[in-house]
Structures are given as structure tokens and as C-alpha cells.
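This report refers to the structure that appears directly beneath it.
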Amino acid sequence: MTRPVSNRLLLRCGTVAAAAALACTACSGSGETAPPPSAVSPAASSSAVPSADPLDPAAIKAAMKKSTAVHVKGTANSGGDIKIDLQLNKDSVSGSIEKDGVEVPVLRVGDKIWMRFSKSLTQKAGLPKAAAAMVNDKWVSLDSELGQGMGAAFKLFLDYDVFVSGMASETDKPGFETGQPADVAGTLALRYQNDSMTIFIEAVEPHRLLRMESPKEGTMEFSGWDQPVPAKAPPAAEIYSGPGS
């Protein structure tokens, strides 16, 4: 059984992965604002949804672990300004991590993971023109020499069960009392709040997580539960095949 990983650790993994990408690109030089939040109205559905009992973390975790897919989008304040936009499916992931304006597109199909060297990534690394031209917009396998050192962080971050369990574990925090009616982008929700975080849960079963927001840690939004959008391996022409591949 996979042990749940905290939200903070997952976000740190994303930061580590993005930072590692920068470092790796820089080392290979010789050879090569937050998104708008979903509409949230604390009282929009007050006539349709009654107040609820204190948060039940076990029920939320069970519902999320049974799910097959989710789209996660948001911001994090973890070692810099982080933006995350990921489509997570049980057997594949696609999307991007952006750190301080530097985008790192990522792709997982089964156990195979790639990251794409965006122009913002190669520019940040200060690569010479010739080296940058070799890797710009190319997918690099994390099993390659060039991807060494990043695989572990990315694999943890892009593991569906680990990611979902980590997000669900945030509901274990104390202080979430009676849920209040709310609307999250047209979905009936219940809003729970403690001293550091506000959590929005589906008002009806299976009571999955819709939104997490914290002044200190950032905001995460969850949509498309059980609506997988399978990712495919990049075409061979888009995969880096130069030195270190």
C-alpha cells in the first residue's frame, strides 16, 4: 500500500523537479501570475444544500482513491512561484509545472516519463544558441543520461495514487467544523475552514475534493473527476536524440 504523502511534500517534489530541470539544462551547456480561480460563492447554493457535520476525512479519502482521473490546476508558494496544470489518470499524466515563469511540460505514459525543454527553460539556463536549438521544444526521457537525477522526483510527483492521497491527507488537519453551503464553478459544495486553510468538498456523494486554498500555501482546484484524458507518448520526431539521449 502506498503511504500518503502530504500536500507540502508533493509541491516540494514539483519544485525539486522543475529546479532539477534547470540545473540539468545548465550543466549540459557544453552539449546543448496565478490562473484565475473558479467561481466560488459561499452562499450560492444555501437553499439547496444544508449545513453539514464536521469533515469526514476517511470518506473523502476513500472517494478520491476510488477515482480514475482528475484535472489539477493551481498555484503554490513553495521555494518560488509555482503553477501546476496537470491531467492525472491512473496510467498516464500530461501537463506542466511552471516555476518563477519557467515552464516545464511533463508527460507520463505507464512507467515512462518525459519532460519537454521549453524555450523559457533553455533561456533561463543561458544555453548557447547552438545548444538551445538542439533541445528547444524536444521531449527528454528521464531514463536518459540528460534526464538523470530527475526521475525520482518526477515519478513521485506524477504518480496518480500518491498525488491524490497527498491531497486527500490535507483533510486530516484539525479545526474543520460544520460545512457551509457553497458553489464551486457551478458544482454544489460544502466549505470547511480552519485557521490556515479552506477546503471545498462535493456536497453530494462521493464527496470528493473540489478546491483547497491557503493564503500561505496557494490554491489548488480539482475538476473532471473520473473523466480520464489519456496521454500518449510523444512522436519520435519530437524526442531529443542528441548527446546524452
Inter-residue atom distance Ile60.CD1 - Thr171.OG1, 0.5 Å rounding: 4.5 Å

Which value, rounded to the nearest 0.5 Å, describes the distance between Ile201 atom CD1 and Thr187 atom OG1? 12.5 Å

What distance do Glu170 atom CD and Lys61 atom NZ have between them, rounded to the nearest 0.5 Å? 10.0 Å

Determine, for Lys90 against Asp161, whether the closest basic-nitrogen to carboxylate-oxygen distance falls under 4.0 angstrom. yes

Among side-chain atoms of Asn136 and Thr122, is any donor-acceptor pair under 3.5 angstrom? yes

Across all chains, not counting sequence neighbours, the side chain to side chain donor-acceptor pair (under 3.5 Å) partners of Lys155 are none

Considering only distance and modelled atom types, tabulate donor-acceptor pairs under 3.5 Å from the side chains of residues 226-234, sequence neighbours left out.
| residue | atom | partner | partner atom | Å |
| --- | --- | --- | --- | --- |
| Asp226 | OD1 | Thr68 | N | 2.8 |
| Asp226 | OD1 | Thr68 | OG1 | 3.1 |
| Asp226 | OD2 | Arg208 | NH1 | 2.7 |

Leu209 vs Ile199 side-chain heavy atoms within contact, under 4.5 Å: yes

Do the non-hydrogen side-chain atoms of Trp225 and Met64 ever get within less than 4.5 Å of each other? yes

Arg191 side chain to Gln193 main-chain N or O, any donor-acceptor pair under 3.5 Å? no

Are Arg211 and Thr219 close enough, and set up right, to give a side-chain contact (heavy atoms from CB on, under 4.5 Å), and what steps lead you there? CA-CA 7 Å; Arg211 181 178 170 94; Thr219 297; 3.7 Å; yes

Heavy-atom donor-acceptor pair, Arg116 side chain to Pro105 backbone, under 3.5 Å: no

Report yes or no: does Lys83 contribute a side-chain atom to a donor-acceptor pair with the main-chain N or O of Gly101 at less than 3.5 Å? no

Which heavy atom in Met197 sits nearest to a heavy atom in Asn194, and how many Å separate them? N-OD1, 2.8 Å

Could you check if a side-chain atom of Met115 sits within less than 4.5 angstrom of a side-chain atom of Leu121, using non-hydrogen atoms only? yes

Would Ser67 and Tyr160 count as having a side-chain donor-acceptor pair, cut-off 3.5 Å? yes

Are Tyr240 and Phe117, when compared by the centres of their aromatic rings, separated by less than 6.0 Å? no

Side chains of Leu86 and Leu158: does their closest heavy-atom pair fall under 4.5 Å? yes

Is it the case that the side chains of Ser92 and Asn89 hold a donor-acceptor pair, with the cut-off being a distance below 3.5 Å and no angle test? yes

Is Asp81 paired with Lys99 through a side-chain N to carboxylate O contact shorter than 4.0 Å? no

Side chains of Glu202 and Leu210: does their closest heavy-atom pair fall under 4.5 Å? yes

Does Ser141 have any side chain to side chain donor-acceptor pair (under 3.5 Å) partners at least two apart in sequence or in another chain, and if so, which? Lys112

When rounded to the nearest 0.5 angstrom, what distance separates CG in Asp111 from CG in Leu142? 12.5 Å

For Ser214 and Ser196, the nearest pair of non-hydrogen atoms, with its separation, is OG-O, 3.1 Å

With sequence neighbours excluded, residues passing side chain to side chain donor-acceptor pair (under 3.5 Å) with Ser118: Ser120

Is there side-chain contact between Phe157 and Ile97, with at least one heavy-atom pair below 4.5 Å? yes

Can you name the side chain to side chain donor-acceptor pair (under 3.5 Å) partners of Glu103, sequence neighbours left out? none

NZ (Lys73) and CE (Met220) are apart, to the nearest 0.5 Å, by 12.0 Å

Of all heavy-atom pairs between Val72 and Phe222, which one has the smallest distance, and what is that distance? CG2-CD2, 3.8 Å

Side-chain H-bond candidate by donor/acceptor type, His71 with Asp85, under 3.5 Å: yes

How many angstroms lie between OG in Ser165 and CE in Met167, if you round to the nearest 0.5 Å? 10.0 Å

Under a side-chain separation threshold of 4.5 Å, the hydrophobic residues clustered together with Trp114 are Leu107, Val109, Trp139, Ile239

